[in-house]
Amino acid sequence: MPEGPSIILLKEEVQQFKGKEVVAVSGNSKIEQSRLLNQKVISFKTWGKHFLICFKEFTLKVHLLLFGKYLINKKKEQAARLSIVFDNGELNLYSCSVKFLDGNINACYDWSADVMSDAWDPKKAIIKLKKTPAKFICDALLEQDIFAGVGNIIKNEVLYRVGVHPESKVGKIPVAKIKEIVKEARNYSFEFLEWKRNFVLRKHWLAHGQKMCLRCNLPFVRKYTGVKNRRSFFCINCQFLYK
DNA sequence: TATAATGTTTGAAC
DNA sequence: AGTTCAAACATTAT
């Protein structure tokens, strides 16, 4: 479900509730649900994979993790983690993490680290990468402090597009190539957004889940890589190993 | 039916 | 005290 672009779509879909007051709350979440009652939604925001419902005094942070789902004006049979009812509809959240953040939301997040944000700052990402030369690039791309919103699919697609082996060491990758990776992390995320919006994301995957490399027709390597030990799909012919 | 998968936090073990 | 790592959580298609 998640990855940054999917959360942007969620934000778009709930705009009907902006400015609306919460009239009922339920669900199996252990948070103090009553806090939400009678509160008016000031705005919806996202930071990477975080979906943020901002109220006057606090923000509700929703993270869909790996299996999270949401339904708008619809319900599943299973109990919701949190169901937020407005007078014009409801938002139902399932198998996700929900938490309150107190105070000004801007104090909680560095918006410039979010690849989907207008405030995204590629230069900062490059500086952060330079500080961790020993890290594998496959791990670095998943670091939310550097590339908030990038998940495993985006990681695989970006590395294939720029021709970099996932087990390359950050410090061994030429600066020009690092810049390309940073640029593509944002660029691909926006393509992901439009494809996902139109339900055609999957058919545009060039690496993730693929068996053969379309460029050279060699079989992909499928391997759990990095300290994070996440699935990587790559072509040893088209993706250079900087080590 | 067992397994694996778009993710993160936690707390024990070093 | 800082790092590392396995476990926990949760869902569903194959």
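When DNA chain C is scanned 5' to 3' for any atom under 4.0 Å from a heavy atom of chain A, the first and last hits are C:dA10 to C:dT12.
Not one N or O on the side chain of A:Gln239 forms a donor-acceptor pair closer than 3.5 Å with the backbone of A:Gly163. When atom types are taken as modelled, the side chain of A:Glu90 and the backbone of A:Ile84 share no donor-acceptor pair closer than 3.5 angstrom. Side-chain N or O atoms of A:Arg231 include none that pairs as donor or acceptor with a backbone N or O of A:Tyr224 at under 3.5 Å. Side-chain atoms of A:Gln33 come within 3.5 Å of backbone N or O of A:Ser29 as a donor-acceptor pair.
Applying the ring pair (Phe, Tyr, Trp, His ring centres under 6.0 Å) test to pairs two or more places apart or on separate chains, none has a residue in residues 135-158 of chain A.
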Could you walk me through whether A:Thr225 and A:Arg230 pass the side chain to side chain contact (heavy atoms under 4.5 Å, CB included) check? CA-CA 6 Å; A:Thr225 61; A:Arg230 302 293 304 276; 5.8 Å; no
Could you walk me through whether A:Val85 and A:Val22 satisfy the side chain to side chain contact (heavy atoms under 4.5 Å, CB included) test, starting with their C-alpha distance in whole Å, then the side-chain angles of each, then the deciding distance to 0.1 Å, before giving a yes or no? CA-CA 6 Å; A:Val85 183; A:Val22 176; over 6 Å; no
Between A:Ser232 and A:Lys155, is a side chain to side chain donor-acceptor pair (under 3.5 Å) present by the stated rule, with each step listed? CA-CA 8 Å; A:Ser232 285; A:Lys155 174 200 84 179; 3.1 Å; yes
Are A:Val41 and A:Phe86 close enough, and set up right, to give a side chain to side chain contact (heavy atoms under 4.5 Å, CB included), and what steps lead you there? CA-CA 10 Å; A:Val41 175; A:Phe86 303 91; 3.6 Å; yes
Can you list the steps and then say if A:Tyr160 with A:Gln210 is a side chain to side chain donor-acceptor pair (under 3.5 Å)? CA-CA 11 Å; A:Tyr160 180 66; A:Gln210 301 307 302; over 6 Å; no
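Within residues 222-232 of chain A, the residues approached by DNA chain B to less than 4.0 Å at the level of any non-hydrogen atom are A:Arg222, A:Tyr224, A:Arg230, A:Arg231, in residue-number order. Shown for residues 127-136 of chain A: no residue has heavy atoms falling under 4.0 angstrom of DNA chain B. For the segment residues 198-210 of chain A, the set of residues with a heavy atom within less than 4.0 Å of an atom of DNA chain B comprises A:His208, in numerical order.
Distance A:Trp47 CH2 to B:dT8 C1': 12 Å, rounded to the nearest Å. For A:Ile7 and B:dG7, the CD1 to C1' distance is 11 Å, given to the nearest whole Å. Taking atom CD1 of A:Ile153 as the reference point, atom C1' of B:dT6 lies 4 Å away to the nearest angstrom. Counting to the nearest Å, the C1' atom of B:dT9 and the CG atom of A:Leu65 are 9 Å from each other. When the P atom of B:dT6 is taken as reference, atom CG of A:Leu142 falls 10 Å away, rounded to whole Å. The distance between atom NE2 of A:His63 and atom C1' of B:dG7, rounded to the nearest whole Å, is 6 Å. Rounded to a whole Å, the NZ atom of A:Lys30 is 17 Å from the P atom of B:dT9. For the pair A:Leu141 CG and B:dT6 C1', the interatomic distance rounds to 15 Å; values are reported in whole Å.
For the P atoms, the distance linking C:dA7 with B:dT3 amounts to 15 Å, nearest Å. With P as the reference atom, B:dT1 and C:dC9 are 22 Å apart, rounded to whole Å.
The aromatic rings of A:Tyr109 and A:Trp111 are tilted relative to each other, their planes meeting at an angle between 30° and 60°. Aromatic ring orientation, A:Phe192 versus A:Tyr188: perpendicular (interplanar angle above 60°, classes split at 30° and 60°).
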Per-nucleotide pairing state of DNA chain B [Watson-Crick or G-U, under 3.5 Å; [ ] pseudoknot-crossing; | other strand]: .||||.||||||||
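Ion pairing between a basic and an acidic side chain is recognised when a charged N comes within 4.0 Å of a carboxylate O; A:Glu143 and A:Lys128 show no such pairing. Contact check on A:Glu12 versus A:Arg197 returns a salt bridge, with a Lys/Arg side-chain nitrogen under 4.0 Å from an Asp/Glu carboxylate oxygen.
No close placement of the A:Phe233 and A:Phe220 rings is indicated, their centers lying 6.0 Å or farther apart.
Using a 4.5 Å cut-off on side-chain heavy atoms (C-beta onward), A:Arg161 and A:Glu191 make contact.
Backbone-only engagement by A:Lys76 is indicated by non-hydrogen atom pairs under 4.0 Å involving sugar-phosphate atoms exclusively.
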